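Input: a single structure, listed below in structure tokens.
Throughout, residue positions are numbered sequentially from 1 according to the sequence presented. None of these values were measured; they are calculated from a predicted model. Worth knowing before you read on, the calculation uses all heavy atoms, side chains too, and leaves out hydrogens, waters and symmetry mates.
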Amino acid sequence: MQTASNVNGLPHRKSDVLRVLRSGLLLIFLCLVGLRASESLGQAPLYFVDKTTTVRKISFKFIGGSTFESDVLKNQIATTEPSFFDKVKRIVPFVSPRKHPFDPVTLQQDVVRLRRYYSSHGFLYADIDYPASQLDTTNNRIHVIFSIEEGPPLILQDFGFYDGDGNYALNVFPGAFRERWVSFRDRISLQLGQRYTDAERVRIQDRVINFMTDNGFAFARVDANALVDSTANTADVRFIIEPGPRGRFTEILVEGNNSVTDRVLTRE
């Protein structure tokens, strides 16, 4: 005797759907594994690349530790790699994945870009190259591998705020404003012994300018000088502040108001 559910065939249909889904997922997995296996074959010297060579993958090999994540470094270069969806499209019929052409000149420029990035973030002697890159001649695709050795970081040795004559900036601020400046200065000051970066210097410079203008010094100038000793790997950073005259309101004119008095508007 058959149950109603068996007569309608619902259990059988559900099991068939699950079986098809499992088979489809297994097929995709096996295809991806097969792609990786085939790409590991046919490795050849990089001088075999040509105009039709494409990028298979971009990796970073760090020697002696890493300060930056791979995704951060990939954002600094122009060479691109296929995304996960690009790889899936390769095994889907009638769908063309986006190509990522390989250009040796662009790769050389990427090395320069990475060196500049490391230099601006406190690593003056970062050694960056790509000798470990692997070319798959079977599919004419390359796995770009950047080898990076950061080297010693640039250490902050001295840090301070001064006026144009070389005196401490504290002396250029009037009376009660000095305490406000000291509180602000202590909040943004860098710690001696930490790694020095150009980004931190620019950030502090912008914050000091904003602080000055917010407190009435509309014509303030802030210059930053970094004296770098590339032999000792140290940096002395000085911020030169020229506050200029402090601006004050002398008169407020209100025009065009018909239903609200000048006093109400100026109060607001």
Under 4.5 Å between any side-chain heavy atoms of Gln194 and Leu190, yes or no?
-> yes
Give the C-alpha distance, both sets of side-chain angles, the deciding distance and a yes or no for side-chain contact (heavy atoms from CB on, under 4.5 Å) between Thr53 and Phe48.
-> CA-CA 9 Å; Thr53 303; Phe48 281 108; over 6 Å; no
CD1 of Ile209 to CE of Met212, rounded to nearest 0.5 Å, is 10.0 Å
Would you mind writing out the side-chain donor-acceptor pairs for residues 114-121 within the sub-3.5 Å range, not counting sequence neighbours?
unit_1, atom_1, unit_2, atom_2, d
Arg115, NH2, Ile128, O, 2.9
Ser120, OG, Arg116, O, 3.2
Ser120, OG, Tyr117, O, 2.9
His121, ND1, Tyr117, O, 2.8

Item to complete: Measure from the ring center of Phe161 to the ring center of Tyr168 and say whether it is less than 6.0 Å.
Response: no
Counting only pairs under 3.5 Å, give me each side-chain donor-acceptor contact of residues 258-268, with atom names and distances, residues two or more places apart or in other chains.
unit_1, atom_1, unit_2, atom_2, d
Thr261, OG1, Val264, N, 3.3
Asp262, OD1, Asn257, ND2, 2.6
Thr266, OG1, Asp262, O, 3.0
Thr266, OG1, Arg263, O, 3.0

Sorted by chain and number, sequence neighbours left out, side chain to side chain contact (heavy atoms under 4.5 Å, CB included) with Ile63 holds for Glu149
When Phe177, Phe211, Trp181 are each screened for ring pair (Phe, Tyr, Trp, His ring centres under 6.0 Å) with Phe217, the one that passes is Phe177
*Does the cation-pi check pass for Arg178 over Phe173, that is, NZ or CZ under 6.0 Å from the six-membered ring centre and within 45° of its axis?*
no
*Determine, for Glu200 against Arg195, whether the closest basic-nitrogen to carboxylate-oxygen distance falls under 4.0 angstrom.*
no
Would you call the rings of Tyr130 and Phe146 parallel, tilted or perpendicular, taking 30° and 60° as the class edges? perpendicular
Taking atom CZ of Arg203 as the centre, does the number of heavy atoms from other residues, nucleotides or ligands within less than 6.0 Å exceed 12?
yes
| Is Asp236 salt-bridged to Arg238, cutoff N-O under 4.0 Å? | no
I want to check something: taking the side chain as every heavy atom from C-beta on, are Ile241 and Tyr162 in contact at a cut-off of under 4.5 Å? no
